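Everything below concerns the one structure shown next.
The shown structure was predicted, so the numbers you read here are calculated from the model rather than taken from an experiment. Start at 1 with the first residue, then count along the sequence.
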Amino acid sequence: MAPGIPAAMERPHFIGIGGAGMSGIAKILTRRGAKVAGSDSKESATAEALRALGATVHVGHAAGHLADDATCVVVSSAIRADNPELVRAGDLAIPVVHRSDALASLMEGLRPIAVAGTHGKTTTTSMLAVALTELGLDPSYAIGGDLAGPGTNATHGEGAIFVAEADESDRSFHKYDPEVAIVLNVELDHHANYASMDEIYDSFETFVGKVVPDGTLVVSADQAGAVELTRRVRDLSALKVVTYGESASADVRVHKITQRGLTSEVTVVLNGKYLTFTVSVPGRHYALNAVAALAAGVALGIPAHNLASALGKYTGVKRRLQLKGEAAGVQVIDSYAHHPTEMTADLEAMRGAASDARLLVVFQPHLFSRTQELGTEMGQALALADASVVLDIYPAREDPIPGITSTLIIDAAQAAGADVTAVHDKATVPEVIAGMAKPGDLVLTMGAGDVTDLGPQILDHLSS
């Protein structure tokens, strides 16, 4: 059922092939039979997985890594203009294709579901991928994180449906023409690319306007930004709008969410009927992600009761409240949360799961620009923990901004009554946490950078 290889993608070269979005596209193309090559800054499990599929993966960036017969060079917004492989592509007149255009070309001829929102995209996309696979529909999917079950972020399926995470950060989600678009929330983020909420709304309106005629927008009925977006697009012709959430006006209304340890039981009202299913991750926000996935599947004509049962098979995504292990009676969990709303949602979920136990957090801020704009809110979120360790800012693609450090977050956290400790040497964190933690505590490593590496190290220190 799925189409073959787009002509320009027969011999693609990916710069930064190990990234979550890039590696997913590379995996799909490899499985479709393309001769895939690429480079990444360091060796990784993702690079090994790509090699196992037949791709050529170089470590480091050098002009010689780009083959003369490459049909295109695929880049993300993070690739700088002076990258030697990108410079060589210009010298050889090899077409340069943005990651989003490459992904869009893979969706042609299929029934795309594009999942957008300031947060929750990876989880919702993953829930759909797992449920549709469980139902035997063999979807293709491209996700910004690895599923805890199949352990991959993308696959080429023979079915008609393609589920994709749609990235609003650089406006690349404007490249897709989905049959179903999901908008989970609309908030101000990605400050290097958006100067105001008006720009954010304009960008999401453009995304919704790309939905195919008679297609469906599935959108939150609870979150203020999503509600405003719905108001703005209600009059678009040939667009079906399906709202979901706890609001009494929601088309798919959440009747009840019951947390049971690290899982939740969700009851919704759909077409006047009650439907109950289990979500195998804790927290209200994950339960609402599952309801969005349910509404999207129903929009494609899949029976609701089948979807509800299949969604119960979802076991999580790496880095989304992922249990890393337990030692000395202490559970260590990893969270990708880096925006204040995400942080608050995950901390509230873990607070509910912790019951009377203490919640200890290791937080690594992500990006100088985000800390500059939202550092106060990040600090306030940390007040939900019993104690926190805050690391230096993880810069990712950014250069430092004078005067912007983790101190901004720490000061706000302490003003909100939080118990916060600054740690500048990440290597000392496992020992610090092992000295703080007691049997029964929960430790949450949180952030979008390399803080995730600390979980196993903390467990080793707790064991010893």
Side-chain angles (χ1 to χ4, degrees), residues 1-3 20-29 31-32 99-100 102-117 119-168 172-173 175-184 207-208 210-212 215-219 242 244 279 281 286 288-304 306-308 310-318 320:
M1 178 79 188
M22 298 283 272
S23 64
I25 299 168
K27 288 174 183 176
I28 293 172
L29 281 166
R31 289 185 170 115
R32 288 193 185 183
R99 175 186 62 81
S100 57
L103 180 55
S105 72
L106 297 180
M107 297 184 197
E108 291 179 3
L110 299 174
R111 304 181 69 189
I113 302 176
V115 184
H119 31 261
K121 294 185 292 292
T122 297
T123 299
T124 307
T125 309
S126 303
M127 287 174 167
L128 273 164
V130 168
L132 296 174
T133 300
E134 179 69 19
L135 292 174
L137 296 174
D138 197 16
S140 296
Y141 57 81
I143 304 169
D146 283 344
L147 293 172
T152 183
N153 59 332
T155 197
H156 162 64
E158 295 296 332
I161 301 172
F162 196 121
V163 187
E165 186 171 330
D167 186 8
E168 79 284 348
S172 60
F173 66 163
K175 304 292 180 66
Y176 313 133
D177 300 299
E179 181 174 339
V180 178
I182 299 176
V183 174
L184 303 164
F207 168 65
V208 173
K210 297 282 288 181
V211 175
V212 300
T216 303
L217 169 65
V218 174
V219 59
V242 175
Y244 73 92
V279 179
V281 282
Y286 290 113
L288 290 169
N289 291 161
V291 177
L294 176 74
V298 170
L300 285 182
I302 302 169
N306 291 352
L307 267 169
L311 283 167
K313 303 297 182 181
Y314 169 80
T315 56
V317 182
K318 290 179 181 177
R320 271 64 176 184

Might you point out which heavy atoms bring [X] and [Y] nearest each other, and give the distance in Å?
X: A295; Y: V242; value: CB-CG1, 4.4 Å
X: Y244; Y: L184; value: OH-CD2, 3.3 Å
X: P178; Y: A114; value: CB-CB, 3.9 Å
X: V211; Y: E179; value: CG1-O, 3.9 Å
X: D167; Y: R99; value: OD2-NH2, 3.6 Å
X: A131; Y: L307; value: CB-CD2, 4.3 Å

Got a sec, which residues hit side-chain contact (heavy atoms from CB on, under 4.5 Å) with [X], two or more places apart in sequence or on another chain?
X: N306; value: L135, P303
X: A293; value: T124, M127, L128, L311
X: A102; value: M9, I25, V74, V97

All ring pair (Phe, Tyr, Trp, His ring centres under 6.0 Å) counterparts of F173, not counting sequence neighbours: F204, F207

How would you list, by chain and number, every residue that makes a salt bridge (charged side-chain N to carboxylate O under 4.0 Å, His left out) with [X], sequence neighbours excluded?
X: D177; answer: K210
X: E134; answer: none
X: R31; answer: none

Can you name the one residue among L132, V130, T155 that meets side-chain contact (heavy atoms from CB on, under 4.5 Å) with P139? L132

Minimum side-chain heavy-atom gap [X]-[Y] below 4.5 Å:
X: E165; Y: V115; answer: no
X: F162; Y: I28; answer: yes
X: Y141; Y: S126; answer: no

Can you tell me how far the [atom1] atom of [X] sits from the [atom2] atom of [Y], to the nearest 0.5 Å?
X: L137; Y: L300; atom1: CG; atom2: CG; result: 9.5 Å
X: T133; Y: D138; atom1: OG1; atom2: CG; result: 7.0 Å
X: L103; Y: M22; atom1: CG; atom2: CE; result: 11.5 Å
X: I182; Y: I113; atom1: CD1; atom2: CD1; result: 6.0 Å

Run the side chain to side chain donor-acceptor pair (under 3.5 Å) test against S172 and tell me which residues pass, sequence neighbours left out. D170

Given the rule in the side-chain hydrogen bond (donor to acceptor under 3.5 Å, both in side chains) test, do S23 and N153 qualify, once you have shown the distances and angles that lead to the verdict? CA-CA 8 Å; S23 64; N153 59 332; 2.9 Å; yes

